[in-house]
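Since the model is a prediction, treat every value here as computed from it, not as a measurement.
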Amino acid sequence: MAEEFLSDSTGSARPNSDAGDPDREQVKFTIISSREGVMAEIRKFYVMGFATVDEWSPLTPVPNSDQVMTILIRYRKKGSTDSSSRKSGR
């Protein structure tokens, strides 16, 4: 599955900018919760090796609530399939 996410021109396995490649599409991960909840989830993703803390956007207040949100953007090859999906055989 790691090969589905493309590196950028610097060789980063987790690019934060689109290099303008038409074979790439954005995948956005959003966390919305209390400030403490968002920070706890970001730390969990870091421990799992999914994303570093600085890859997430700054915490942004959600209007008319006491929650905040953050977004992580990754890029993947268009047409890639999830290696964990199974064919039903039907």
Task: Gln26-Tyr75 side chain donor-acceptor pair, cut-off 3.5 Å - done: yes
- [ ] Please round to the nearest 0.5 Å and tell me the distance separating atom CH2 of Trp56 and atom CG of Leu72.
- [x] 4.5 Å
- [ ] Report yes if the side chains of Val68 and Ile32 come closer than 4.5 Å at any heavy-atom pair, otherwise no.
- [x] no
Task: Geometric class of the Phe29/Phe50 ring pair [parallel <30°, tilted 30-60°, perpendicular >60°] - done: perpendicular
Open item on the list: Could you check whether any side-chain heavy atom of Arg24 comes within less than 4.5 Å of a side-chain heavy atom of Lys78, counting everything from C-beta outward?
Closed with: no
Open item on the list: Counting C-beta onward and ignoring hydrogens, is there a side-chain heavy-atom pair between Leu59 and Arg35 closer than 4.5 Å?
Closed with: yes
Open item on the list: Check whether Ser34 reaches the backbone of Gln67 with its side chain - one donor and one acceptor, N or O, closer than 3.5 Å.
Closed with: no
Open item on the list: Donor-acceptor check, side chain of Ser57 to backbone of Ile71, threshold 3.5 angstrom: yes or no?
Closed with: yes
Open item on the list: Would the distance check show the side chain of Ser33 and the main-chain N or O of Ile31 forming a donor-acceptor pair, the cut-off being under 3.5 Å?
Closed with: no
Task: Basic-acidic side-chain contact under 4.0 Å: Glu55, Arg74 - done: yes
Open item on the list: Taking the side chain as everything from C-beta on, heavy atoms only, tell me whether Val27 gets closer than 4.5 Å to Ile73.
Closed with: no
